[in-house]
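All values below were derived from every heavy atom in this structure, side-chain atoms included, with hydrogens, water molecules and symmetry-related copies excluded.
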Amino acid sequence: MTAIADAAPRSNPAARTHEVTNQAPPLVGHDVADDVVLLEGVRREGAGWYADDLHRLGRLAGSEQVQRWAEEANRYEPVLRTHDRYGNRVDEVDFHPSYHALMEVALAEGLAGAPWADERPGAHVARAAGFMVWSTAEAGHGCPVSMTYAVVPALRAAPDLAAVYEPLLTSRVYDPGLRAPAGKRGLLAGMGMTEKQGGTDVRANTTTATGQPDGTWRLRGHKWFTSAPMNDLFLVLAQAPAGLSCFLVPRVLPDGSRNTFRIQRLKDKLGNRSNASSEPEFDDTVAWLVGPEGQGVRTIIEMVTMTRLDCILGSASGTRAALAQAAHHVRHRSVFGARLIDQPLMRNVIADLGLESEAATTLALRVAGAVDRARRGDAQEQAFLRLATAVGKYWVCKRQPAAVAEALECLGGNGYDEASGMPRLYREAPLNGIWEGSGNVNALDVLRALTREPDSLEAFRAEVEAAAGGDARLDEAWRRVRGELVLTEDAPVRARRLVERLALVLQGSLLVRHAPAPVADAFCASRLAGDRGLAFGTLPAGTDLAAVIGRVPGATG
């Protein structure tokens, strides 16, 4: 021991075992909106006037600062405080400052309720594009933003309430904290539908509503999955004497006192960690009726429809974000003496993911365009929206997990490391398929639309057939789908298959009409004619991979 101590060996801190080479630089300092597919869709759907603001938001979303906000908002998760230091019940949730920073930008950029107060044609398309670009940075805080956007048309079923709250719900000011709603500069909204015993089956709800002499109601019961509990207002379903009804529940009453909204716990979720999701209980909770008593589902479905749109937008955005990371990596990484992006098999993978992403983005913006035109009185677009929203919600959200997993694999072990950001995208990927109705719920909703609202099928047919004669494979696929639209007794069993085919022919029609010919050709060959395998990266020989890859953000240069 003495001899070793006397020797006093030292390590040379300047010594280096190796140089760091062949690693992709961080994908930072770029414009997320520099995306030809997105920009073409924005112009096509009537919001070309938004391009400059979209690029400004895109540069912010791609900045190092915002990427740090996103990481911190997920690392330092929301914390529930049921009581204050003196034992008083407070039921508040604390968020990291980075969460608030993300929310402030989202509200200021008009991604919440602002489009409902904007008379410009294309306002909802502009908001949809901004939502997609900003969600690329961080998806969790998009939940309260989305619900605030979606609540406005539903709240209009109670004109007196809408007159009070809509100006604040359409505000561009983020004003956090529980205070009397009328005294705030801007409001956020949420919804409470599902309960432990029912889940999707809201008819099984047990929360009760009792009318009061002053015209208000009192709720008693619980909700099982209510996100963003620090929002100011909630639409809640409860059983009134005439049946299931919709009610407005504020966290703080007009006189400044707290309404009873006991948060039992926050959900420990797979992903979406920055967003607080809660289990609240109501006990003599003050509420106001929204819409006719006994027609709660019909009233709140307006909000559900708009949040389903955001599920499509969010999944298209998440798919695009993962693809951009993969494309950036393979453009800078070399294997066996050549860049990955120049390796034939990797080119097939990136092109296949590019097709999936382009089809999802194009469909998402088409649905947003339908929202915009329907809100300005276009009955054809309203009918198309009914079916296209459910079809798009099912398919785009269903495809996101597979696409993100494939994109993560492009990075290899680097993609499995939290520092890459890919695990967060992967954990987020299943969310939109569950939010606002899982795959089965949306597939069965399509069947209901086909049965009860034939105008929606007619509008859908007109949209698909606008590309008639553009590609024989599309024409044949649509012919086969029409044959499956005869809803026999086994229709529920084959509902997923039918909705999948409806989604693919709709995407095919949009790409045949609006995408470059090589992109439309590759989509029709692989998705409609079935000339591909079951995994990504199985496009047929002869596909113009370069043309498809050229439209993928970060894949060239």
Side-chain angles (χ1 to χ4, degrees), residues 128 131-132 135-136 138-143 145-147 150 191 193-194 198-202 224-228 267-275 277 301 303-323 353 356-357 359-365 367-368 387-408 422-449 492 494-504 506-507 527 534-536:
F131 186 84
M132 291 178 69
S135 296
T136 299
E138 203 285 315
H141 78 289
C143 179
V145 173
S146 176
M147 291 191 294
M191 72 170 86
M193 294 195 297
T194 62
T200 298
D201 183 10
V202 295
W224 183 230
F225 217 117
T226 297
S227 287
K267 297 290 193 180
D268 186 9
K269 296 173 293 184
L270 167 67
N272 205 244
R273 308 290 292 191
S274 66
N275 174 44
S277 299
I301 201 68
M303 187 174 185
V304 172
T305 298
M306 291 297 97
T307 48
R308 283 179 176 175
L309 164 65
D310 279 7
C311 288
I312 303 172
L313 298 172
S315 283
S317 174
T319 298
R320 203 70 170 171
L323 172 59
L353 288 171
E356 195 70 37
S357 177
T361 298
T362 303
L363 174 56
L365 290 173
V367 175
L387 194 55
T389 303
V391 168
K393 200 283 188 184
Y394 173 86
W395 185 242
V396 176
C397 298
K398 188 66 67 180
R399 296 295 292 163
Q400 183 187 3
V404 173
E406 191 68 56
L408 185 154
M422 293 297 285
R424 174 153 53 87
L425 290 176
Y426 186 66
R427 287 191 296 270
E428 200 76 25
L431 173 72
N432 288 317
I434 300 169
W435 243 236
E436 310 314 330
S438 61
N440 284 355
V441 171
N442 279 269
L444 294 174
D445 191 35
V446 169
L447 297 188
R448 280 191 294 274
R494 55 187 179 88
R496 283 189 173 219
R497 174 186 172 88
L498 173 61
V499 177
E500 176 179 321
R501 302 305 296 177
L502 286 169
L504 289 172
L506 177 57
Q507 288 179 324
R527 270 67 171 176
L534 297 178
F536 286 104

Can Arg427 and Asn272 be counted as having a side-chain donor-acceptor contact under 3.5 angstrom? no
Between atom CD of Glu500 and atom NZ of Lys398, what is the distance when rounded to the nearest 0.5 Å? 10.5 Å
Please round to the nearest 0.5 Å and tell me the distance separating atom CG of Asn440 and atom OH of Tyr394. 7.5 Å
Taking all non-hydrogen atoms of both residues into account, name the closest pair between Thr389 and Ile312 and its distance. O-CD1, 3.6 Å
When you measure from the side chain of Ser357 to the backbone N and O of Leu353, does any donor-acceptor pair fall under 3.5 Å? no
For Thr319 and Glu356, which I'm curious about, is there any donor-acceptor pair between the side chains at under 3.5 Å? no
Taking all heavy atoms of Leu363 and all of Gly392, pick out the closest pair and write down the distance. CD2-CA, 3.9 Å
Calculate, to the nearest 0.5 Å, the distance between atoms CG and CD belonging to Leu408 and Glu406 respectively. 9.5 Å
Relative to Trp435, does Lys393 satisfy both conditions: NZ or CZ under 6.0 angstrom from the six-membered ring centre, and within 45 degrees of the ring's axis? no
Between the side chain of Ser317 and the main-chain N/O of Leu313, is any donor-acceptor distance below 3.5 Å? no
Thr362 side, atom OG1; Leu506 side, atom CG - distance, nearest 0.5 Å: 10.0 Å
Interatomic distance, CD@Glu436 vs SG@Cys397, rounded to 0.5 Å, equals 10.5 Å
Closest heavy-atom contact between Met132 and Leu365? SD-CD2, 4.2 Å
Ala228 and Asn275: which non-hydrogen atoms are nearest, and at how many Å? N-OD1, 3.9 Å
Please report the interatomic distance CG(Leu502) to CD(Gln507), rounded to the nearest 0.5 Å. 11.5 Å
Assess whether atom CZ of Phe536 is packed by more than 12 heavy atoms of other residues, nucleotides or ligands within 6.0 Å. yes
Mind listing the closest non-hydrogen atom pair of Val446 and Ala390 along with its distance? CG2-CB, 3.7 Å
Stepwise side-chain contact (heavy atoms from CB on, under 4.5 Å) check, Asn432 with Val396: CA-CA 9 Å; Asn432 288 317; Val396 176; over 6 Å; no
For Tyr426 and Pro401, the nearest pair of non-hydrogen atoms, with its separation, is CE1-O, 4.3 Å
